Chemist: 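Dropping the structure in here first, questions after.
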Amino acid sequence: MLTVVLILLIAIIAFGLGWFVNSWLGQNSLQKAEQQAREILDAAKEEAEDEKKEKLLEAEEEIFQLKQQLEEEFEAKKKTLQNLENELANRENNLDRKADLIYKKDRDLFLRERELKNRENQLNLKQEKLNQLLDEQNKKLESIAGLTREEAKQLLLDNLLESAKKEASTAVYQILEEAQKEAQSKAKDIIISAMQQSASDHAIESTVAVVTLPNDEMKGRIIGREGRNIRAFEIVTGIDVIVDDTPEAVILSGYDPYRRELARLTMEKLVNDGRIHPGRIEETYEKTVQEMDEFLRELGEQALIDVGLHGLHQDLTYMLGKLRYRTSFGQNVLQHSKEVAIISGIMAAELGLDEQLARRAGLLHDIGRAVDRRNVEGSHTELGYELAKKYGENPIVLNAILGHHGEVEPISPITILVQIANDISRSRPGARREVIENFVTRMESFEEIAMSFEGVKAAYAIQAGKEVRVIIDHEKVDDVASFNLASEIAKKIQNETDYPGQVKVVVIREFRAFDFA
(Lines give C-alpha, C1' and ligand atoms only; values in the text may rest on other atoms or scores of the structure.)
Protein backbone atom coordinates (compact mmCIF):
# COMPACT_ATOMS: atom_id res chain seq x y z
CA MET A 1 0.00 0.00 0.00
CA LEU A 2 2.82 2.35 0.95
CA THR A 3 4.56 1.50 -2.26
CA VAL A 4 1.52 2.46 -4.27
CA VAL A 5 1.27 5.79 -2.49
CA LEU A 6 4.92 6.50 -3.12
CA ILE A 7 4.49 5.70 -6.74
CA LEU A 8 1.50 8.03 -6.97
CA LEU A 9 3.40 10.82 -5.20
CA ILE A 10 6.34 10.40 -7.52
CA ALA A 11 4.00 10.48 -10.50
CA ILE A 12 2.26 13.63 -9.25
CA ILE A 13 5.59 15.30 -8.59
CA ALA A 14 6.87 14.27 -11.99
CA PHE A 15 3.70 15.55 -13.67
CA GLY A 16 3.89 18.88 -11.85
CA LEU A 17 7.56 19.23 -12.59
CA GLY A 18 6.91 18.48 -16.30
CA TRP A 19 4.10 21.00 -16.42
CA PHE A 20 6.29 23.67 -14.86
CA VAL A 21 9.15 23.03 -17.27
CA ASN A 22 6.82 23.13 -20.30
CA SER A 23 5.23 26.38 -19.10
CA TRP A 24 8.63 28.03 -18.60
CA LEU A 25 9.89 26.94 -22.01
CA GLY A 26 6.69 28.19 -23.81
CA GLN A 27 6.99 31.59 -22.21
CA ASN A 28 10.54 31.94 -23.48
CA SER A 29 9.49 31.00 -27.10
CA LEU A 30 6.68 33.55 -27.03
CA GLN A 31 9.05 36.27 -25.91
CA LYS A 32 11.46 35.36 -28.69
CA ALA A 33 8.65 35.42 -31.27
CA GLU A 34 7.47 38.82 -30.06
CA GLN A 35 11.03 40.15 -30.23
CA GLN A 36 11.42 38.82 -33.81
CA ALA A 37 8.10 40.37 -34.77
CA ARG A 38 9.21 43.72 -33.38
CA GLU A 39 12.48 43.46 -35.30
CA ILE A 40 10.61 42.66 -38.52
CA LEU A 41 8.25 45.59 -37.99
CA ASP A 42 11.19 47.91 -37.31
CA ALA A 43 12.96 46.71 -40.48
CA ALA A 44 9.76 47.14 -42.51
CA LYS A 45 9.29 50.64 -41.13
CA GLU A 46 12.88 51.56 -42.00
CA GLU A 47 12.49 50.11 -45.50
CA ALA A 48 9.21 51.98 -45.96
CA GLU A 49 10.86 55.20 -44.78
CA ASP A 50 13.74 54.67 -47.22
CA GLU A 51 11.37 53.96 -50.08
CA LYS A 52 9.27 56.97 -49.12
CA LYS A 53 12.36 59.18 -49.11
CA GLU A 54 13.45 57.74 -52.47
CA LYS A 55 10.01 58.35 -54.05
CA LEU A 56 9.99 61.87 -52.64
CA LEU A 57 13.41 62.49 -54.19
CA GLU A 58 12.21 61.13 -57.55
CA ALA A 59 9.08 63.26 -57.38
CA GLU A 60 11.13 66.34 -56.51
CA GLU A 61 13.50 65.58 -59.42
CA GLU A 62 10.58 65.14 -61.83
CA ILE A 63 8.96 68.34 -60.55
CA PHE A 64 12.27 70.14 -61.04
CA GLN A 65 12.61 68.88 -64.63
CA LEU A 66 8.99 69.79 -65.44
CA LYS A 67 9.55 73.20 -63.91
CA GLN A 68 12.72 73.66 -65.95
CA GLN A 69 10.93 72.52 -69.14
CA LEU A 70 8.03 74.89 -68.46
CA GLU A 71 10.48 77.70 -67.87
CA GLU A 72 12.23 76.95 -71.18
CA GLU A 73 8.91 76.87 -73.02
CA PHE A 74 7.92 80.06 -71.31
CA GLU A 75 11.18 81.70 -72.33
CA ALA A 76 10.74 80.50 -75.95
CA LYS A 77 7.19 81.82 -76.06
CA LYS A 78 8.36 85.00 -74.42
CA LYS A 79 11.03 85.42 -77.12
CA THR A 80 8.46 84.65 -79.82
CA LEU A 81 6.09 87.23 -78.39
CA GLN A 82 8.95 89.68 -78.13
CA ASN A 83 9.80 89.11 -81.80
CA LEU A 84 6.17 89.55 -82.75
CA GLU A 85 6.00 92.74 -80.75
CA ASN A 86 9.15 94.03 -82.45
CA GLU A 87 7.75 93.07 -85.84
CA LEU A 88 4.44 94.78 -85.07
CA ALA A 89 6.30 97.83 -83.86
CA ASN A 90 8.30 97.94 -87.09
CA ARG A 91 5.15 97.52 -89.15
CA GLU A 92 3.50 100.25 -87.14
CA ASN A 93 6.47 102.53 -87.77
CA ASN A 94 6.35 101.69 -91.48
CA LEU A 95 2.64 102.38 -91.58
CA ASP A 96 3.22 105.69 -89.84
CA ARG A 97 5.86 106.62 -92.37
CA LYS A 98 3.61 105.57 -95.23
CA ALA A 99 0.76 107.56 -93.75
CA ASP A 100 3.04 110.60 -93.52
CA LEU A 101 4.10 110.13 -97.14
CA ILE A 102 0.49 109.77 -98.25
CA TYR A 103 -0.46 112.86 -96.33
CA LYS A 104 2.38 114.82 -97.94
CA LYS A 105 1.41 113.54 -101.39
CA ASP A 106 -2.23 114.48 -100.81
CA ARG A 107 -1.17 117.92 -99.72
CA ASP A 108 1.11 118.32 -102.74
CA LEU A 109 -1.67 117.12 -105.05
CA PHE A 110 -4.08 119.57 -103.49
CA LEU A 111 -1.64 122.44 -103.96
CA ARG A 112 -0.92 121.40 -107.54
CA GLU A 113 -4.61 121.04 -108.30
CA ARG A 114 -5.28 124.53 -106.96
CA GLU A 115 -2.35 125.88 -108.98
CA LEU A 116 -3.64 124.16 -112.13
CA LYS A 117 -7.10 125.65 -111.59
CA ASN A 118 -5.55 129.11 -111.30
CA ARG A 119 -3.59 128.57 -114.49
CA GLU A 120 -6.71 127.25 -116.23
CA ASN A 121 -8.59 130.37 -115.28
CA GLN A 122 -5.75 132.53 -116.55
CA LEU A 123 -5.62 130.57 -119.81
CA ASN A 124 -9.36 130.94 -120.25
CA LEU A 125 -9.04 134.69 -119.85
CA LYS A 126 -6.19 134.80 -122.36
CA GLN A 127 -8.17 132.59 -124.77
CA GLU A 128 -11.14 134.96 -124.62
CA LYS A 129 -8.86 137.92 -125.35
CA LEU A 130 -7.29 136.04 -128.28
CA ASN A 131 -10.69 135.14 -129.68
CA GLN A 132 -11.71 138.80 -129.54
CA LEU A 133 -8.51 139.85 -131.27
CA LEU A 134 -8.97 137.15 -133.94
CA ASP A 135 -12.51 138.23 -134.61
CA GLU A 136 -11.34 141.81 -135.04
CA GLN A 137 -8.52 140.73 -137.34
CA ASN A 138 -10.84 138.50 -139.41
CA LYS A 139 -13.27 141.39 -139.87
CA LYS A 140 -10.44 143.63 -141.03
CA LEU A 141 -9.22 140.89 -143.47
CA GLU A 142 -12.71 140.38 -144.84
CA SER A 143 -13.10 144.10 -145.50
CA ILE A 144 -9.65 144.29 -147.17
CA ALA A 145 -9.94 141.06 -149.28
CA GLY A 146 -13.57 141.38 -150.21
CA LEU A 147 -14.24 137.73 -149.22
CA THR A 148 -16.33 136.30 -146.46
CA ARG A 149 -14.79 134.01 -143.90
CA GLU A 150 -16.40 130.88 -145.39
CA GLU A 151 -15.20 131.71 -148.89
CA ALA A 152 -11.66 132.33 -147.71
CA LYS A 153 -11.69 129.11 -145.70
CA GLN A 154 -12.88 127.05 -148.68
CA LEU A 155 -10.24 128.56 -150.96
CA LEU A 156 -7.56 127.82 -148.41
CA LEU A 157 -8.77 124.24 -147.94
CA ASP A 158 -8.75 123.53 -151.68
CA ASN A 159 -5.20 124.78 -152.00
CA LEU A 160 -4.10 122.81 -148.94
CA LEU A 161 -5.76 119.59 -150.16
CA GLU A 162 -4.07 119.75 -153.55
CA SER A 163 -0.69 120.41 -151.98
CA ALA A 164 -1.25 117.69 -149.37
CA LYS A 165 -2.08 115.10 -152.05
CA LYS A 166 1.15 115.79 -153.92
CA GLU A 167 3.21 115.68 -150.76
CA ALA A 168 1.43 112.53 -149.56
CA SER A 169 2.04 110.71 -152.86
CA THR A 170 5.72 111.57 -152.71
CA ALA A 171 5.94 110.57 -149.05
CA VAL A 172 4.17 107.25 -149.65
CA TYR A 173 6.55 106.34 -152.49
CA GLN A 174 9.57 107.23 -150.35
CA ILE A 175 8.20 105.29 -147.37
CA LEU A 176 7.55 102.17 -149.47
CA GLU A 177 11.00 102.33 -151.04
CA GLU A 178 12.67 102.82 -147.65
CA ALA A 179 10.53 100.06 -146.14
CA GLN A 180 11.60 97.57 -148.82
CA LYS A 181 15.26 98.47 -148.36
CA GLU A 182 14.93 98.28 -144.58
CA ALA A 183 13.05 94.98 -144.79
CA GLN A 184 15.76 93.43 -146.93
CA SER A 185 18.45 94.76 -144.63
CA LYS A 186 16.57 93.60 -141.54
CA ALA A 187 16.03 90.14 -143.03
CA LYS A 188 19.73 89.87 -143.83
CA ASP A 189 20.61 90.96 -140.31
CA ILE A 190 18.25 88.39 -138.79
CA ILE A 191 19.61 85.55 -140.92
CA ILE A 192 23.24 86.57 -140.36
CA SER A 193 22.62 86.86 -136.62
CA ALA A 194 20.99 83.43 -136.56
CA MET A 195 23.87 81.92 -138.52
CA GLN A 196 26.45 83.51 -136.23
CA GLN A 197 24.74 82.32 -133.04
CA SER A 198 24.32 78.77 -134.33
CA ALA A 199 27.70 78.32 -135.98
CA SER A 200 29.00 74.80 -135.41
CA ASP A 201 31.53 72.43 -136.85
CA HIS A 202 30.59 70.09 -139.66
CA ALA A 203 32.13 66.69 -140.13
CA ILE A 204 31.50 64.63 -143.22
CA GLU A 205 30.46 61.12 -142.26
CA SER A 206 32.90 58.38 -143.20
CA THR A 207 32.05 54.83 -144.27
CA VAL A 208 34.70 53.11 -142.14
CA ALA A 209 35.47 52.73 -138.44
CA VAL A 210 38.78 51.71 -136.90
CA VAL A 211 38.96 49.41 -133.86
CA THR A 212 42.22 49.50 -131.91
CA LEU A 213 43.64 46.14 -130.77
CA PRO A 214 45.89 45.48 -127.77
CA ASN A 215 48.28 43.49 -129.99
CA ASP A 216 48.50 41.93 -133.43
CA GLU A 217 47.81 38.45 -132.02
CA MET A 218 44.20 39.53 -131.54
CA LYS A 219 43.80 39.62 -135.33
CA GLY A 220 44.16 35.83 -135.36
CA ARG A 221 41.36 35.46 -132.81
CA ILE A 222 39.13 37.81 -134.80
CA ILE A 223 39.67 35.77 -137.98
CA GLY A 224 39.27 32.42 -136.19
CA ARG A 225 39.96 28.96 -137.47
CA GLU A 226 39.48 28.94 -141.25
CA GLY A 227 37.91 32.39 -140.94
CA ARG A 228 34.79 31.24 -139.08
CA ASN A 229 34.83 34.11 -136.56
CA ILE A 230 35.15 36.87 -139.11
CA ARG A 231 32.44 35.31 -141.28
CA ALA A 232 30.10 35.02 -138.29
CA PHE A 233 30.78 38.63 -137.34
CA GLU A 234 30.02 39.89 -140.87
CA ILE A 235 26.83 37.81 -141.08
CA VAL A 236 25.52 39.02 -137.71
CA THR A 237 26.41 42.71 -138.09
CA GLY A 238 26.22 43.19 -141.87
CA ILE A 239 29.53 45.08 -141.75
CA ASP A 240 32.66 44.13 -143.66
CA VAL A 241 35.78 43.46 -141.53
CA ILE A 242 39.11 44.40 -143.11
CA VAL A 243 42.18 42.86 -141.50
CA ASP A 244 45.27 44.28 -143.23
CA ASP A 245 48.83 45.24 -142.35
CA THR A 246 47.74 48.18 -140.18
CA PRO A 247 49.43 47.54 -136.82
CA GLU A 248 47.14 46.80 -133.86
CA ALA A 249 43.94 47.79 -135.69
CA VAL A 250 41.14 46.37 -137.82
CA ILE A 251 38.83 48.34 -140.09
CA LEU A 252 35.05 48.01 -140.20
CA SER A 253 33.51 49.09 -143.49
CA GLY A 254 29.83 49.77 -144.12
CA TYR A 255 27.66 52.55 -145.43
CA ASP A 256 25.02 52.39 -142.64
CA PRO A 257 26.34 54.46 -139.65
CA TYR A 258 24.01 52.71 -137.20
CA ARG A 259 25.09 49.19 -138.15
CA ARG A 260 28.71 50.32 -138.31
CA GLU A 261 28.52 51.73 -134.77
CA LEU A 262 26.89 48.52 -133.49
CA ALA A 263 29.68 46.52 -135.14
CA ARG A 264 32.36 48.77 -133.64
CA LEU A 265 30.96 48.47 -130.11
CA THR A 266 30.55 44.71 -130.52
CA MET A 267 34.11 44.31 -131.75
CA GLU A 268 35.50 46.41 -128.89
CA LYS A 269 33.64 44.28 -126.32
CA LEU A 270 34.86 41.07 -127.91
CA VAL A 271 38.46 42.33 -127.96
CA ASN A 272 38.28 43.41 -124.31
CA ASP A 273 36.73 40.10 -123.30
CA GLY A 274 39.15 38.01 -125.33
CA ARG A 275 36.62 35.23 -125.95
CA ILE A 276 35.78 35.31 -129.67
CA HIS A 277 33.68 32.58 -131.28
CA PRO A 278 30.40 32.60 -133.28
CA GLY A 279 28.14 32.04 -130.26
CA ARG A 280 29.89 34.76 -128.27
CA ILE A 281 29.66 37.13 -131.24
CA GLU A 282 25.87 36.74 -131.46
CA GLU A 283 25.42 37.11 -127.70
CA THR A 284 27.58 40.25 -127.57
CA TYR A 285 25.84 41.76 -130.58
CA GLU A 286 22.36 41.27 -129.03
CA LYS A 287 23.53 42.85 -125.78
CA THR A 288 25.03 45.79 -127.69
CA VAL A 289 21.72 46.34 -129.52
CA GLN A 290 19.90 46.61 -126.18
CA GLU A 291 22.48 49.04 -124.79
CA MET A 292 22.32 51.08 -128.00
CA ASP A 293 18.56 51.62 -127.55
CA GLU A 294 19.17 53.24 -124.16
CA PHE A 295 22.06 55.26 -125.60
CA LEU A 296 19.82 56.55 -128.42
CA ARG A 297 17.26 57.72 -125.86
CA GLU A 298 20.01 59.58 -123.99
CA LEU A 299 21.15 61.18 -127.26
CA GLY A 300 17.59 62.41 -127.88
CA GLU A 301 17.32 63.85 -124.37
CA GLN A 302 20.69 65.61 -124.79
CA ALA A 303 19.50 67.10 -128.09
CA LEU A 304 16.43 68.51 -126.32
CA ILE A 305 18.70 70.07 -123.68
CA ASP A 306 20.99 71.52 -126.37
CA VAL A 307 18.15 73.40 -128.07
CA GLY A 308 16.30 74.29 -124.84
CA LEU A 309 13.16 72.16 -125.29
CA HIS A 310 11.24 69.73 -123.09
CA GLY A 311 8.04 67.72 -123.01
CA LEU A 312 8.74 65.55 -126.07
CA HIS A 313 7.20 62.08 -126.11
CA GLN A 314 9.61 59.30 -125.14
CA ASP A 315 9.24 57.51 -128.48
CA LEU A 316 9.94 60.74 -130.38
CA THR A 317 12.96 61.31 -128.14
CA TYR A 318 14.22 57.83 -129.04
CA MET A 319 13.67 58.48 -132.76
CA LEU A 320 15.48 61.79 -132.39
CA GLY A 321 18.49 59.93 -130.97
CA LYS A 322 18.46 57.60 -134.00
CA LEU A 323 19.12 60.62 -136.23
CA ARG A 324 22.68 60.56 -134.82
CA TYR A 325 23.26 57.59 -137.11
CA ARG A 326 21.51 58.98 -140.19
CA THR A 327 23.12 61.13 -142.86
CA SER A 328 21.81 63.36 -145.62
CA PHE A 329 24.34 63.98 -148.37
CA GLY A 330 27.08 63.15 -145.85
CA GLN A 331 25.70 65.58 -143.21
CA ASN A 332 24.75 64.20 -139.80
CA VAL A 333 20.96 64.57 -139.54
CA LEU A 334 20.84 65.04 -135.74
CA GLN A 335 23.39 67.85 -135.88
CA HIS A 336 21.53 69.34 -138.84
CA SER A 337 18.20 69.17 -136.96
CA LYS A 338 19.65 70.90 -133.88
CA GLU A 339 21.11 73.62 -136.07
CA VAL A 340 17.79 74.17 -137.88
CA ALA A 341 16.02 74.35 -134.48
CA ILE A 342 18.43 76.98 -133.16
CA ILE A 343 18.30 79.11 -136.34
CA SER A 344 14.49 78.90 -136.49
CA GLY A 345 14.20 79.89 -132.82
CA ILE A 346 16.52 82.90 -133.21
CA MET A 347 14.66 84.20 -136.27
CA ALA A 348 11.29 83.64 -134.58
CA ALA A 349 12.45 85.61 -131.53
CA GLU A 350 13.65 88.46 -133.76
CA LEU A 351 10.26 88.56 -135.50
CA GLY A 352 8.21 88.31 -132.30
CA LEU A 353 6.91 84.79 -133.00
CA ASP A 354 6.73 81.77 -130.69
CA GLU A 355 10.41 80.87 -130.25
CA GLN A 356 9.79 77.52 -128.49
CA LEU A 357 7.36 76.35 -131.16
CA ALA A 358 9.81 77.34 -133.90
CA ARG A 359 12.61 75.41 -132.19
CA ARG A 360 10.35 72.38 -131.81
CA ALA A 361 9.36 72.46 -135.48
CA GLY A 362 12.99 72.85 -136.55
CA LEU A 363 14.17 69.97 -134.36
CA LEU A 364 11.50 67.57 -135.64
CA HIS A 365 11.48 68.61 -139.32
CA ASP A 366 13.63 65.61 -140.39
CA ILE A 367 12.33 63.09 -137.82
CA GLY A 368 11.05 60.92 -140.67
CA ARG A 369 14.64 60.05 -141.59
CA ALA A 370 14.83 57.99 -138.38
CA VAL A 371 12.16 55.58 -139.63
CA ASP A 372 13.47 52.36 -141.17
CA ARG A 373 12.34 52.84 -144.75
CA ARG A 374 13.04 49.29 -145.83
CA ASN A 375 9.70 48.19 -144.38
CA VAL A 376 7.53 51.25 -145.14
CA GLU A 377 6.83 53.45 -148.12
CA GLY A 378 6.81 57.22 -148.41
CA SER A 379 9.18 60.18 -148.29
CA HIS A 380 10.86 61.25 -145.07
CA THR A 381 8.47 64.23 -144.83
CA GLU A 382 5.39 61.98 -145.02
CA LEU A 383 6.84 59.47 -142.55
CA GLY A 384 7.83 62.27 -140.16
CA TYR A 385 4.37 63.84 -140.43
CA GLU A 386 2.63 60.55 -139.57
CA LEU A 387 5.04 59.88 -136.71
CA ALA A 388 4.62 63.33 -135.13
CA LYS A 389 0.85 63.24 -135.66
CA LYS A 390 0.70 59.89 -133.86
CA TYR A 391 2.12 61.52 -130.72
CA GLY A 392 -0.08 64.63 -130.83
CA GLU A 393 2.33 67.32 -132.00
CA ASN A 394 1.13 70.87 -132.69
CA PRO A 395 -0.48 71.41 -136.16
CA ILE A 396 2.14 74.08 -136.92
CA VAL A 397 4.90 71.56 -136.20
CA LEU A 398 3.16 69.00 -138.44
CA ASN A 399 2.88 71.58 -141.22
CA ALA A 400 6.59 72.44 -140.87
CA ILE A 401 7.56 68.74 -141.09
CA LEU A 402 5.41 68.15 -144.16
CA GLY A 403 6.24 71.43 -145.88
CA HIS A 404 9.88 72.23 -145.11
CA HIS A 405 10.70 71.35 -148.74
CA GLY A 406 7.78 73.41 -150.05
CA GLU A 407 5.54 70.43 -150.74
CA VAL A 408 2.46 71.93 -149.02
CA GLU A 409 1.21 75.44 -148.35
CA PRO A 410 2.46 76.88 -145.04
CA ILE A 411 -0.18 77.67 -142.41
CA SER A 412 2.20 79.70 -140.24
CA PRO A 413 5.30 81.89 -140.68
CA ILE A 414 7.12 79.29 -138.58
CA THR A 415 6.94 76.83 -141.48
CA ILE A 416 8.67 79.37 -143.70
CA LEU A 417 11.32 79.98 -141.03
CA VAL A 418 12.01 76.24 -140.87
CA GLN A 419 12.37 76.17 -144.66
CA ILE A 420 14.87 79.06 -144.52
CA ALA A 421 16.80 77.51 -141.61
CA ASN A 422 16.92 74.17 -143.41
CA ASP A 423 18.35 75.82 -146.54
CA ILE A 424 20.89 77.76 -144.46
CA SER A 425 22.10 74.64 -142.64
CA ARG A 426 22.43 72.39 -145.67
CA SER A 427 23.85 75.10 -148.00
CA ARG A 428 26.93 75.92 -145.95
CA PRO A 429 30.17 75.14 -147.74
CA GLY A 430 31.39 71.73 -146.64
CA ALA A 431 28.15 70.85 -144.84
CA ARG A 432 27.14 68.19 -147.34
CA ARG A 433 28.75 65.90 -149.84
CA GLU A 434 26.75 64.70 -152.81
CA VAL A 435 28.93 61.67 -153.49
CA ILE A 436 28.26 60.08 -150.08
CA GLU A 437 24.50 60.48 -150.47
CA ASN A 438 24.50 58.82 -153.88
CA PHE A 439 26.62 56.00 -152.49
CA VAL A 440 24.26 55.50 -149.53
CA THR A 441 21.24 55.54 -151.83
CA ARG A 442 22.82 52.87 -154.01
CA MET A 443 23.63 50.68 -150.99
CA GLU A 444 20.05 50.98 -149.70
CA SER A 445 18.63 50.08 -153.10
CA PHE A 446 20.80 46.93 -153.21
CA GLU A 447 19.46 45.82 -149.82
CA GLU A 448 15.85 46.70 -150.69
CA ILE A 449 16.04 44.66 -153.89
CA ALA A 450 17.43 41.64 -152.01
CA MET A 451 14.82 41.92 -149.24
CA SER A 452 11.99 41.96 -151.81
CA PHE A 453 12.47 38.23 -152.53
CA GLU A 454 10.62 35.61 -150.52
CA GLY A 455 12.64 33.66 -147.99
CA VAL A 456 15.24 36.39 -147.40
CA LYS A 457 15.82 37.11 -143.70
CA ALA A 458 18.46 39.86 -144.01
CA ALA A 459 20.57 41.56 -146.64
CA TYR A 460 23.74 43.63 -146.29
CA ALA A 461 25.63 45.64 -148.90
CA ILE A 462 29.34 45.42 -148.09
CA GLN A 463 32.75 45.87 -149.71
CA ALA A 464 31.85 49.45 -150.75
CA GLY A 465 28.91 48.12 -152.75
CA LYS A 466 30.90 45.44 -154.52
CA GLU A 467 29.11 42.62 -152.67
CA VAL A 468 25.58 41.97 -151.46
CA ARG A 469 25.40 39.34 -148.72
CA VAL A 470 21.94 37.71 -148.42
CA ILE A 471 20.89 35.58 -145.42
CA ILE A 472 18.01 33.23 -146.27
CA ASP A 473 15.65 31.09 -144.20
CA HIS A 474 16.76 27.47 -144.57
CA GLU A 475 13.19 26.24 -144.04
CA LYS A 476 11.82 28.25 -146.99
CA VAL A 477 14.72 28.03 -149.46
CA ASP A 478 16.74 24.88 -150.14
CA ASP A 479 20.25 24.60 -151.59
CA VAL A 480 19.05 24.29 -155.20
CA ALA A 481 16.78 27.35 -154.89
CA SER A 482 19.65 29.34 -153.38
CA PHE A 483 21.49 29.35 -156.73
CA ASN A 484 18.38 30.58 -158.56
CA LEU A 485 17.80 33.23 -155.89
CA ALA A 486 21.33 34.60 -156.27
CA SER A 487 20.88 34.80 -160.03
CA GLU A 488 17.49 36.55 -159.77
CA ILE A 489 18.78 39.11 -157.28
CA ALA A 490 21.80 39.86 -159.48
CA LYS A 491 19.57 40.34 -162.56
CA LYS A 492 17.22 42.68 -160.70
CA ILE A 493 20.13 44.76 -159.39
CA GLN A 494 21.55 44.97 -162.90
CA ASN A 495 18.22 46.08 -164.43
CA GLU A 496 17.09 48.56 -161.76
CA THR A 497 20.25 50.30 -160.50
CA ASP A 498 23.34 52.06 -161.81
CA TYR A 499 26.72 51.15 -160.36
CA PRO A 500 30.37 51.02 -161.42
CA GLY A 501 32.10 47.67 -162.00
CA GLN A 502 30.50 44.44 -160.80
CA VAL A 503 28.33 43.49 -157.82
CA LYS A 504 28.74 40.04 -156.29
CA VAL A 505 25.62 38.48 -154.78
CA VAL A 506 26.36 35.92 -152.05
CA VAL A 507 23.43 33.85 -150.74
CA ILE A 508 24.09 32.18 -147.36
CA ARG A 509 21.93 29.29 -146.15
CA GLU A 510 22.79 27.98 -142.71
CA PHE A 511 21.16 25.22 -140.68
CA ARG A 512 21.65 24.94 -136.92
CA ALA A 513 20.53 22.17 -134.58
CA PHE A 514 20.48 22.68 -130.81
CA ASP A 515 20.06 20.27 -127.93
CA PHE A 516 20.78 20.29 -124.21
CA ALA A 517 22.23 17.48 -122.12
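This structure is a prediction, so every number in the text was calculated from the model and none was measured. Residue numbers count from 1 along this sequence.
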Chemist: Extract all donor-acceptor atom pairs below 3.5 Å that involve side chains of residues 81-94 and protein atoms in other chains or at least two apart in sequence.
Modeler:
unit_1: N83; atom_1: ND2; unit_2: K79; atom_2: O; d: 3.3
unit_1: N86; atom_1: ND2; unit_2: Q82; atom_2: O; d: 3.2
unit_1: E87; atom_1: OE2; unit_2: R91; atom_2: NH2; d: 2.9
unit_1: N90; atom_1: ND2; unit_2: N86; atom_2: O; d: 3.2
unit_1: N93; atom_1: ND2; unit_2: A89; atom_2: O; d: 3.1
unit_1: N94; atom_1: OD1; unit_2: R97; atom_2: NH2; d: 2.1
unit_1: N94; atom_1: ND2; unit_2: N90; atom_2: O; d: 3.2

Chemist: Checking the side chain of S344 only, and the main-chain atoms of A341 only, is there a donor and an acceptor separated by less than 3.5 Å?
Modeler: no
Chemist: For D273, check salt bridge (charged side-chain N to carboxylate O under 4.0 Å, His left out) against everything at least two apart and list the hits.
Modeler: R275, R280
Chemist: Output side-chain donor-acceptor pairs under 3.5 Å for residues 297-308, partner residues at least two apart or in another chain, one line each.
Modeler:
unit_1: R297; atom_1: NH1; unit_2: Q314; atom_2: O; d: 3.2
unit_1: Q302; atom_1: NE2; unit_2: D306; atom_2: OD1; d: 2.9
unit_1: D306; atom_1: OD2; unit_2: K338; atom_2: NZ; d: 3.1

Chemist: Which atom pairs, one a donor and one an acceptor, fall under 3.5 Å between side chains of residues 106-128 and the rest of the protein, sequence neighbours left out?
Modeler:
unit_1: E115; atom_1: OE2; unit_2: R119; atom_2: NH2; d: 3.0
unit_1: N118; atom_1: ND2; unit_2: R114; atom_2: O; d: 3.2
unit_1: N121; atom_1: ND2; unit_2: K117; atom_2: O; d: 3.1
unit_1: N124; atom_1: ND2; unit_2: E120; atom_2: O; d: 3.1
unit_1: Q127; atom_1: NE2; unit_2: N131; atom_2: OD1; d: 3.3

Chemist: For residues 45-73, which side-chain donor-acceptor pairs fall under 3.5 Å, sequence neighbours excluded?
Modeler:
unit_1: E61; atom_1: OE2; unit_2: Q65; atom_2: NE2; d: 3.4

Chemist: Side chain to side chain contact (heavy atoms under 4.5 Å, CB included) with K78: which residues, sequence neighbours excluded?
Modeler: F74, E75
Chemist: Would you tell me whether N399 and T415 have side-chain atoms, one donor and one acceptor, within less than 3.5 Å of each other?
Modeler: yes
Chemist: What residues, two or more places apart in sequence or in another chain, satisfy side chain to side chain contact (heavy atoms under 4.5 Å, CB included) together with E286?
Modeler: none
Chemist: Can you name the closest pair of heavy atoms from R264 and E268 and give their distance?
Modeler: NH1-OE2, 2.7 Å
Chemist: Locate the shortest heavy-atom distance separating I414 from D354; write the atom from each residue and the value.
Modeler: CD1-O, 4.0 Å
Chemist: Would you please name every residue forming a side chain to side chain donor-acceptor pair (under 3.5 Å) with T497, sequence neighbours left out?
Modeler: none
Chemist: Starting from the C-alpha separation in whole Å, work towards a yes-or-no answer on side chain to side chain contact (heavy atoms under 4.5 Å, CB included) for Y325 and L334.
Modeler: CA-CA 8 Å; Y325 299 103; L334 179 58; over 6 Å; no
Chemist: State which residues pass salt bridge (charged side-chain N to carboxylate O under 4.0 Å, His left out) with E291; sequence neighbours excluded, sorted by chain then number.
Modeler: K269
Chemist: Provide the full list of ring pair (Phe, Tyr, Trp, His ring centres under 6.0 Å) pairs with a residue in residues 383-419, sequence neighbours left out, each pair given once.
Modeler: H313-Y391, H365-H404, H380-H404, H380-H405
Chemist: For E386, enumerate each residue passing the side chain to side chain donor-acceptor pair (under 3.5 Å) test, keeping only those at least two apart in sequence or located in another chain.
Modeler: none
Chemist: Name all residues meeting the side chain to side chain donor-acceptor pair (under 3.5 Å) criterion together with T317; count only those two or more places apart in sequence or in a different chain, and write none if there are none.
Modeler: none
